[in-house]
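Before any comments, here is the structure.
Counting from 1, the numbers follow the sequence of the chain as shown.
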Amino acid sequence: MKQHSEYRRRRSQRFQPTLRLFIAVTVIISCLSISLTHAFLSVLQTKRANNRLVSDNVFASYNAPYRGRRRTFQAREAVQSDNDTADYPTTRSQLEKMTLKQLKELMLELGIPSRPGNKLKKDVVDYIWDCVNSELMASSDLVKNLMGEDGSEKEKFPGLNGIKQSHDAVSDDLPTSSTNNAPKRKKPGNMPPLSVNTVPDDEEDEEIDHNETPYVLTPKDRIVLDVLERYPPLHDAIIAACAASTDNEVTGGFTNSNRGIESITTSNIDQCSLSTLLYHPPSGLAENDMRQTYHPMLRNTTQSDLDIVFVGTASCTPGITRGVSCTAVRLNWRSSRVYNTANGDVRSEREEDKGSMGTWLFDCGEATQLSIQKTSSIKPGKVSKIFITHCHGDHSFGLPGLLCLMGTDRDRDAPPVEIYGPEGLRMWLRVAIRYSVSRIVPPYRVHELMDVPMAPEWEQGHRRNGRFYFQWKKEGGGHRWGTKGLAGEDPVSWISRAPMINLDPSMDFGEVKGGRDIYPRYDHPQCHDGAPIWEVENDGEVSVYAAPMSHGVPCVGYVIEEHDRPGRLRPENVLSVIERNRDGLISSGVKNPMKVMAVVKNLPVGGTYTFPDGTIIKQEDVVEPPRKGRKLVICGDTADCRALEGLSQGADVLVHEATNTFLHGVDKDGNMRMVTRDAKIHGHSTPLMAGEFAKRINAKKLVLNHFSARYKGDQSLDSITIMTRMERQAMKASGLAEDAVACAWDFMLLPVPRN
C-alpha cells in the first residue's frame, strides 16, 4: 500500500510542470482570442457605418423616408433648440419627407383644422398646402406671416432661412439626399374644400365660393361605392347607424352637418369614416343571405334540377363565419327507382320521396355535421355519396361525425352510403368508427382510388419522413407523372401500412362489403400532361371522373358530367296527325291516342312511326336534337390543375380554391409574386391562378372557395369588399364577366340551368 501511495505522489510531481504549462498556454490563447474578437467587431462596426453612409448617399431618394429622415430630423431638433426661428418646413418637398405624425403636429402649430377624410399621407400634404394658399385663410395672421406683404410667397413658409442654414450647418455630418435626383411624382388631386364647421364664427353667415379641385376617388372608395350599390341592405344598415350616432363632432360615419343624408355617393364619401363606424351588418343564412339575392351571379337565377350548395368555404380550421371544406351537389331530378339494399333485398323508393338520395357531398371537413344542421338545403338522411379529395383534416375529419348524424335520420334498410377517396381512406374510417364504438352509423362502403401519384414537382425530403416539398425546377408540367402512388414512394406512410392492419369490416359498425379498388387509366382519351384518370362512377345518368392535383399529399379533383338527354318533342308536328288518326288508333287497340306522343318521343335516332292512314313520322322531324349534359368541376387543394384540363373543357361551373392573395392596403408587406410563390410552396392557389385555369378550360362560371382564416365570410362591408376585390382579380385573369365569378360564402346556393 505504501509503495502504491509513493508511486502516485511521484507521478503527480512529474506531471505538475506540464499541467502548469498547459494552463498558462490556455489562458494566453483565451486572452488573445478575446482581444482579436474585440478588434474584429470594432473593424466590422466601422465598416458597416461607412457602408451605411455610402448607401445613403447613393440611394438617397429611397432612404430619405426611412433612416435618413429620422437622423435628419433629430439633428434639426438639436440645432434648432437654440435658434429663435420657427420650426416650419421650407418647401412642399420637405412636407412630403415628414411623417404623418409630424404633419399632424404641424397642423396643430399652424392652426389648420383637421379633416376626417384625410387618411393617406399624400392627402394630408395636399390639404396643408391648399389651406396655406387658400383664399379662405388669406386674411388670417397665419397667412400674413407665411406670405409676404405684397402677397408674394416668402420662401413658402416663414423663418425658413434660419432652418435652412441650420440644416446646412449639420449637413456635413449627415448623409445628404439630392431632391433633383429623386423620381418626380405626379401631384395627386387636392382634397375637397373645408367643411362648414371649420369656418370662423363671424364668417358663418357669409357666402363663400369654394373654387377648388373636386375630390378624387381612391380605388378603395370606388370599390366601397360599388359594394354599397350592389347590396342595398348593407347600405341601409350603414345609413341607419350614421343617423343613430350622437357624437358632437364626428358620428363615425359623417360629420354632424351631413348626418341627415340618405345615401353614400361620390359627392360625400370623402366625409365618411366607415372604418370606425359601429353598425349591424345584415344577417341571415342560405336564401335569407342578402348575397343570395343581390350578388350578380345569383341576381337573375331561377330554380333548377341541379344545384350546388357550399356548406363550408374555409381552409385549415372552422371559424365563426366559415366552416371548412364541404360542397354539396343536389341532383333534384332523381325519380323513383329500384335498388338493392345492403341485405341484398330489392326495394323501390316511394313516389313521394322523389328527389331523395340525390345529394352528393365533396369533402367533409371538421364540424360538417354542425354546418349541415344550420340549413334546410341539406338533409343528412338524403346524402347518398361522399367524395373525399385528400386526407387533410379540413377535408376529412368530419366524415365519422357526419355518418353518425346520418345514422340517426336514415332507414337501416336504405342503400349504403357510397364513399370515394384516395387509397388508405377505407382502413382509416374503419379504425375511427371501431375505436369510437360508433354503432349508429348507416350502412356504408368505401371505394378507394388506387395509386394516386404525387405531381412531378413534389419530391420527398432528404429525411424520408413522409413530407414532400415543392420543387420550382419542375414547375409547370412536362415531367413524367409517377405510376406507383404514395404506397410505392413512401414505405412508412399510412397508405403503405394500412393494408398490414388485420381488421376486417363488420356490419355491426356499418361497413358492408362491395367496396371497389379503382385503378387509374393512363390511356384515357382525355388524359392531359401524362397524368392518369380514374373512372369513379357511372350510374346511367351521371358519370364522375377524377384526376390528380398538385398538392403536398395524394389529392384528386372531381368532374361530374351529366349524360346528354333526349331532345324535347315538338307537339305541334304530331297533334294534327294524331287527331286525324284517332279512330284508327282506337280501333287498333290504343285506348288513349295521346300516349302515342310518348312513343314517338322515345324513338331511337333515325326511327319512324307509321299511323293507320299510312302517315310516317321520323324521329328527327318531331324531336329536337339531344340536350347536352351539364359539367361541374370541383378541384381539391392544388397548386396546379393541369391534370384536369382535358376532362374539364367547357365546364358549366368550375369550383376552384383560392386560399390566399395579395391586396394593396390590406396586406402591409409583400406583393402578388411573393404571395403566389408562397401559395404554390404550400400546394395552394390564388384567384389569379384560378382565373387562368378557368380561361384555359373555357369555363362558363367560376366560384372560388377554400379561403384562408383571415378572410371572414360574414356580410360586413370589410368582408364583402375584400371578396369583391378577389373576384375582380379572377375576372381579370379569366376574362369572365361580373355575373360569372363569385367568391363563395357558407350556404351559398348556385342553380345550374340546363344547356
Side-chain angles (χ1 to χ4, degrees), residues 362 387 389-390 420-423 449-460 468-490 495 518-536 543-561 631-659 676-677 679-699 702 706 730 733-735:
F362 290 82
F387 300 83
T389 60
H390 63 291
Y420 306 83
E423 186 177 1
L449 308 183
M450 306 300 290
D451 298 338
V452 179
M454 298 294 293
E457 57 267 26
W458 291 87
E459 295 182 356
Q460 194 171 14
F468 285 74
Y469 299 89
F470 190 87
Q471 305 296 322
W472 290 98
K473 60 184 179 181
K474 294 185 177 181
E475 180 197 12
H479 299 275
R480 185 175 180 273
W481 289 72
T483 58
K484 296 181 180 180
L486 193 60
E489 298 177 14
D490 183 11
I495 294 177
I518 307 171
Y519 286 89
R521 285 185 56 187
Y522 285 82
D523 59 347
H524 194 280
Q526 292 179 316
C527 285
H528 184 80
D529 193 47
I533 288 177
W534 288 263
E535 296 175 340
V536 180
S543 294
V544 180
Y545 303 93
M549 299 288 95
S550 176
H551 197 50
V553 296
C555 179
V556 297
Y558 292 99
V559 176
I560 306 96
E561 189 169 359
K631 183 185 293 186
L632 311 179
V633 180
I634 300 178
C635 304
D637 289 5
T638 181
D640 195 336
C641 290
R642 63 183 183 276
L644 274 177
E645 192 166 329
L647 288 168
S648 305
Q649 288 298 322
D652 291 88
V653 178
L654 167 63
V655 181
H656 198 294
E657 69 126 299
T659 305
T676 302
R677 180 182 179 88
K680 289 184 177 181
I681 289 175
H682 291 86
H684 293 297
S685 300
T686 66
L688 289 175
M689 296 165 63
E692 291 169 356
F693 181 71
K695 186 176 183 179
R696 294 205 308 269
I697 66 172
N698 297 315
L702 170 62
H706 197 268
S734 64

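What you find for C527 and R521 is that their closest heavy atoms are SG-O, 3.5 Å. Taking every heavy atom of both residues into account, W534 and D451 meet most closely at CZ2-O, 3.7 Å. Of all heavy-atom pairs spanning H390 and P422, the tightest one is CA-CG, 4.2 Å. The minimum heavy-atom distance between A658 and T686, with the atom names listed, is CB-C, 4.1 Å. Across all non-hydrogen atoms, the minimal contact from H551 to T638 is ND1-N, 4.4 Å. Minimum interatomic distance between G646 and H528 (heavy atoms only, all atoms of both residues): N-CB, 4.0 Å.
Atoms CD and CD1, from E423 and I518 in turn, are 12.0 Å apart once rounded to the nearest 0.5 Å. Distance check: M549 CE to Y558 OH gives 10.5 Å after rounding to the nearest 0.5 Å. For the atom pair NE2 of H656 and CE of M689, the computed distance is 7.0 Å after rounding to the nearest 0.5 Å. In this structure, N698 CG and S734 OG are separated by 11.0 Å, a value rounded to the nearest 0.5 Å. One distance of note links NZ of K680 with CH2 of W472; it measures 5.5 Å at 0.5 Å rounding.
Contact check for F387 versus I634: no side-chain heavy atoms found under the 4.5 Å cut-off. Residues L654 and C635 have side chains in contact (heavy-atom distance under 4.5 Å, counting atoms from C-beta outward). Between P554 and P548, the closest side-chain pair of non-hydrogen atoms is not below 4.5 Å. No side-chain heavy atom of Y420 sits under 4.5 Å from any side-chain heavy atom of V544. Side-chain contact check for T676 versus L688: every heavy-atom pair is 4.5 Å or farther apart. Here the side chains of F362 and V655 are not in contact, with every heavy-atom distance at 4.5 Å or above.
Without hydrogens or angle criteria, W481 side chain to D529 main chain gives a donor-acceptor distance under 3.5 Å. Between the E657 side chain and the S685 main chain, a donor and an acceptor come within less than 3.5 Å of each other. With D652 contributing its side chain and K631 its backbone, the two residues share a donor-acceptor pair below 3.5 Å. No side-chain donor-acceptor contact under 3.5 Å links S543 to the backbone of E561.
Ring-plane geometry between Y545 and H524 is classed as perpendicular, the angle between the planes exceeding 60 degrees on a 0 to 90 degree scale with a lower cut at 30.
D640 meets the side chain to side chain donor-acceptor pair (under 3.5 Å) test with R642; sequence neighbours excluded. For the ring-ring contact (aromatic ring centres under 6.0 Å, His included) test, residues two or more places apart in sequence or in another chain that qualify with W458 are F470.
Residue pairs meeting the salt bridge (charged side-chain N to carboxylate O under 4.0 Å, His left out) criterion with at least one member in residues 688-698, sequence neighbours excluded, are E645-R696.
A donor and an acceptor atom, one from each side chain of H706 and T659, are located under 3.5 Å apart.
Contact check on E459 versus K474 returns a salt bridge, with a Lys/Arg side-chain nitrogen under 4.0 Å from an Asp/Glu carboxylate oxygen.
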